[in-house]
Amino acid sequence: MRIDKFLKVSRILKRRTVAQEACSGEKVYLNGKAAKPSAAVKIGDEIEVCFSGGSLKVRVLAIKETVKKDEAASLYEVIQ
């Protein structure tokens, strides 16, 4: 799955366009490297999203095309 879609489905970022802009602006890192919006995400990958107030680092636990709002947090675990 593309990283921009994963960020939207997992509800880490609200919209896919926001996720695409964050990736293009080098605010999203996949396994320590800046990620393009089309970068592929696999189970076990680490994603870091840099916000103005800090950053969020997560490990991918599952990949699903669609998920309900209450189950979105089950797709990842927060690290640090």
Side-chain angles (χ1 to χ4, degrees):
M1 174 181 286
R2 291 172 53 115
I3 193 165
D4 58 346
K5 185 169 183 182
F6 179 80
L7 291 171
K8 185 242 181 221
V9 169
S10 64
R11 305 224 178 17
I12 293 172
L13 295 174
K14 282 194 171 206
R15 287 175 301 212
R16 191 164 176 182
T17 53
V18 174
Q20 289 172 338
E21 290 169 5
C23 290
S24 299
E26 294 191 0
K27 291 181 170 48
V28 178
Y29 296 90
L30 180 63
N31 296 323
K33 296 179 183 174
K36 293 183 178 179
S38 61
V41 175
K42 302 179 298 298
I43 294 172
D45 283 350
E46 291 184 5
I47 300 172
E48 184 175 4
V49 182
C50 299
F51 299 102
S52 58
S55 66
L56 173 68
K57 197 169 186 179
V58 299
R59 181 175 295 118
V60 178
L61 298 178
I63 295 176
K64 296 182 182 176
E65 290 295 317
T66 57
V67 68
K68 293 183 178 163
K69 187 177 180 180
D70 1 334
E71 299 170 2
S74 69
L75 297 179
Y76 61 91
E77 69 173 341
V78 178
I79 308 169
Q80 282 178 324

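The figures that follow rest on heavy atoms only: side chains count, while hydrogens, waters and symmetry mates do not. The structure displayed is predicted, hence computed values, not measured ones.
Summarising the local packing, CZ of R15 is surrounded by 12 or fewer heavy atoms from other residues, nucleotides or ligands at distances under 6.0 Å. Shown here is E71, whose CD atom has more than 12 heavy atoms of other residues, nucleotides or ligands within 6.0 Å.
A heavy-atom distance below 4.5 Å is not found between the side chains of L75 and I63. Between K14 and K8, every side-chain heavy-atom pair lies at or beyond the 4.5 Å cut-off. Looking at heavy atoms from C-beta onward, I79 lies in side-chain contact with E46 at the 4.5 angstrom threshold. By the 4.5 Å heavy-atom criterion applied to side chains, E21 and R16 are not counted as neighbours. Residues S55 and V49 form no side-chain contact, since every pair of their non-hydrogen atoms from C-beta on lies 4.5 Å or further apart.
Hydrophobic clustering places V41 together with V58 (ILVMFWY residues linked when any side-chain heavy atoms are closer than 4.5 Å, directly or through intermediates). In the hydrophobic clustering of ILVMFWY residues, with side-chain heavy atoms under 4.5 Å counting as a link, I43 and L61 come out apart.
The shortest non-hydrogen separation linking Y29 to A34 is CD2-N, 3.4 Å. Contact record, C23 with I3: SG-CG2, 3.8 Å, taken as the closest heavy-atom pair.
To the nearest 0.5 Å, the span separating CG on N31 from CD on E48 amounts to 11.5 Å. Distance OG/S10 to NZ/K64: 12.5 Å, rounded to 0.5 Å. Separating the NZ atom in K5 from the OG atom in S38 is a distance of 14.5 Å, to the nearest 0.5 Å.
When the options L13, I47, V78 are evaluated for a side-chain contact (heavy atoms from CB on, under 4.5 Å) with L56, the one that passes is V78. Of the candidates I12, V60, L7, Y76 forms a side-chain contact (heavy atoms from CB on, under 4.5 Å) with just one, namely I12.
Salt-bridge formation is detected for the pair R2/D4: a Lys NZ or Arg NE/NH1/NH2 atom is positioned less than 4.0 Å from an Asp or Glu carboxylate oxygen.
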Exercise for review: Take E65 and M1 through the test side chain to side chain contact (heavy atoms under 4.5 Å, CB included) and record every step on the way to the result.
Suggested key: CA-CA 8 Å; E65 290 295 317; M1 174 181 286; 3.7 Å; yes

